[in-house]
Protein chains: 2
Amino acid sequence: MNLKQLAHMLALSQTTVSRALNGYPEVNEETRRRVMDAAKRHGYRPNPSARRLATGKTGMIGYVLPTGASVDIDPHFVEFLSGLGDYARSHELDLVLSPADADDQETTYRRIVANRQVDAVYISSPRPADRRVALVNTLGIPFIVHGRSEGFDFDYAFTDIDNEGAFHEAARLLIQLGHRRLALINGDGRETFAIHRERGVRRALAASGLTLIERHVCSVDMTEENGYRATRRLLEGDDAPTAIACSSLIMALGVVRAVRDLGLSIPGDVSLIAHDDVFPWLRPENFSVPLSTTRSSIRLAGARVAERLAARISGLEEGARGEVWPVDLVVRGSVAGAPA
Amino acid sequence: MNLKQLAHMLALSQTTVSRALNGYPEVNEETRRRVMDAAKRHGYRPNPSARRLATGKTGMIGYVLPTGASVDIDPHFVEFLSGLGDYARSHELDLVLSPADADDQETTYRRIVANRQVDAVYISSPRPADRRVALVNTLGIPFIVHGRSEGFDFDYAFTDIDNEGAFHEAARLLIQLGHRRLALINGDGRETFAIHRERGVRRALAASGLTLIERHVCSVDMTEENGYRATRRLLEGDDAPTAIACSSLIMALGVVRAVRDLGLSIPGDVSLIAHDDVFPWLRPENFSVPLSTTRSSIRLAGARVAERLAARISGLEEGARGEVWPVDLVVRGSVAGAPA
DNA sequence: CGAAAAAGCCAAAGCGCTTTGGAAGACTCT
DNA sequence: AGAGTCTTCCAAAGCGCTTTGGCTTTTTCG
């Protein structure tokens, strides 16, 4: 059942039927009702390919997925996706993942924009002066950044969490507990979130006349193994820290294992605070010693990004509004006063 | 730059240009070269929306993503996606995720087929007599099932691993080591993979005149917490098992924690074998006691599914061929002889 | 009451591609 | 040389929708 048939069966023109269905004003309400009615009764659904060719609207949002044999997709992604999908579903939006060579995403962005494959895109894990953000901005497609970039001469729309504030609070707590040597096991140091977290820790230390020594900060991919290695290196070196801030729950698994392997204990010898993105399958309260965390649901962020994308597509949201969500500091058993 | 302009500038008809570019035989090789050349020089790329309207081909593969506030997307998904994306990239395929109410995926499947939104779909985590498989089969869109369903009066194409064989081998090893009371901490018991794994364990036990008692098998969502709870329940009950087979590395984290909490040790008191889907961020050799595993890269499966989908779309693959991949049994420190 | 404005509808022209049904010219064969 | 066969190209008809421009008919208003 296509528009032509429907129009014919109603003894109306395609124009009128189309307008009736799309809510244009120049059609009699009585007629509109008839049309809507017939459309529903016959289960008419406009062919998206045709509509798309005519209007350019796709009803899809895009994400360029970096891939490659040596590229690991972050497990956070799936949780973000849960939120995004949940919102998208309620608005009949689909998500198209365009895989791209991790080293050349530009081609793919250009393609999906030139081909009008999606109505909007989002960008995740941005870095300062992220080229993707600059590119997408000039290409003129609506977009939202999940996270923040920095150092542009233009503003853009983003949804981020207060990474600096979160780690500032975490560090402050540890300092208040008497810790003087803090360490930071961070994610990829080229990404903004990691920079912000480090800044938060440094600021808290500085406020007490302390510093974060270079040996005590490491930036690694967020795997269990890297958490383990970093911790061993930290605790076996001179000036071992008495407290660790860690950027992910997965790395925290490795931290805990390393501490145990060294015959030390949490929080007796080392206090630990990790960032929790709220995975359903790994929860900080279930660690052998319940983990103190900075907590922010990445799933909610996904839903929010979808919501904003939808708003931008329909023209409800404009401008370069950035929003920063506060992060909860949840204190559990993994922190204690500094050892004597 | 569209076809019309390109044709005009070459003083050829759109027909000829189109045919030249799409490799049809009825065009002079000399002409074809000229066309290809001009196309490349001017960066001509056929508009996919138009092509799509004309041919029905989309260059996209689809996946219906169950969503909802209480629906958690499996972290395995992201690893599968890595492989799928990696292959899709090299073949200029995009993946469209259509979020659906987890309790009504049928509507979404019907929509994406009726609207011709994708050229093929894949289905994951199937159950016996899975309705999605039956539906997609009747809808007539090319598809591949990742995993297996059962109990249909038709055949279909799938890529699965030998879950039964894997857990049969694992159980056999444990039995050989003298274990008599095995337990199975399984995934969702409604899914085929879980059924097959249980069958594998039972078969191995039966071969030695043993049985898997009901109390010793549990089917739960694969979270760390569920692994913990199941293990406590198992080990604190009467007839506590001396060996555990576990369906995921994430649950195995909980198993290890529970064993430790009970003051027991692996493999001294309990042997443990888990299934490893090969996550980059959590590796069995890095468990406090290196974990024996049944190993199969879910990422490779993703790539394979993409490959087969691409083959089906282009007509290179037909028929209902199912393939079952063998699973490696990797023995590490977590298994030992049964305690006296 | 007649002109101007508004309401309601339609035919047809896109959107940019593929594909059908020729047609013109070159070549082969008897 | 004429008939038949390739080869190579083209005009035009879709694909199913939206939208422009215009045409009636009805309503409004001085």
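Atom set for the values below is all heavy atoms of this structure, side chains included, hydrogens, waters and symmetry mates excluded. Throughout, protein chains are lettered first and strands after them, A, B, ... in sequence-line order, and every chain is numbered starting at 1.
- For A/Asp160 (side chain) and A/Val324 (main-chain N/O), no donor-acceptor pair under 3.5 Å exists by modelled atom type.
- Near DNA chain D, defined here as any heavy-atom distance below 4.0 Å, the residues from residues 15-23 of chain A are A/Thr15, A/Ser18, A/Arg19, A/Asn22, listed numerically.
- The interatomic distance linking B/Glu26 (CD) with C/dA24 (P) rounds to 18 Å, in whole Å.
- Within residues 34-56 of chain B, the residues having any heavy atom closer than 4.0 Å to DNA chain D are, in order of number, B/Leu53, B/Ala54.
- Atom CD of B/Gln14 is separated from atom C1' of C/dT20 by 15 Å (rounded to the nearest Å).
- At a cut-off of 3.5 Å, with distance as the only test, a side-chain donor of B/Thr67 or A/Arg89 sits close to an acceptor on the other residue.
- With respect to the salt-bridge test (charged N to carboxylate O, under 4.0 angstrom), the residues A/Arg34 and A/Glu30 do not qualify.
- Among B/Arg308, B/His146, B/Arg148, B/Glu307, the single residue meeting the side-chain hydrogen bond (donor to acceptor under 3.5 Å, both in side chains) criterion with B/Thr159 is B/Arg308.
- Projected onto DNA chain C by closest heavy-atom contact, B/Lys4 and A/Pro25 fall at different nucleotides, the more 5' of which corresponds to A/Pro25.
- Atom CZ in A/Arg32 sits roughly 13 Å away from atom C1' in C/dC9 (whole-Å rounding).
- B/Tyr63 has its ring centre less than 6.0 Å from the ring centre of B/Phe77.
- Looking at A/Glu323 and A/Arg321, a side-chain N of the basic residue comes within less than 4.0 Å of a carboxylate O on the acidic one, giving a salt bridge.
- For B/Phe80 and B/Tyr122, the distance between ring centers is under 6.0 angstrom.
- Of all heavy-atom pairs spanning A/Arg32 and A/Tyr24, the tightest one is NH2-O, 2.5 Å.
- If you check the side chains of A/Arg52 and B/Ser49, you find a donor sitting under 3.5 Å from an acceptor.
- Ring-centre distance between A/His91 and A/Tyr87: below the 6.0 Å cut-off.
- Bounding nucleotides for the chain A contact on DNA chain D, 5' to 3', at a heavy-atom distance below 4.0 Å, are D/dG16 to D/dG21.
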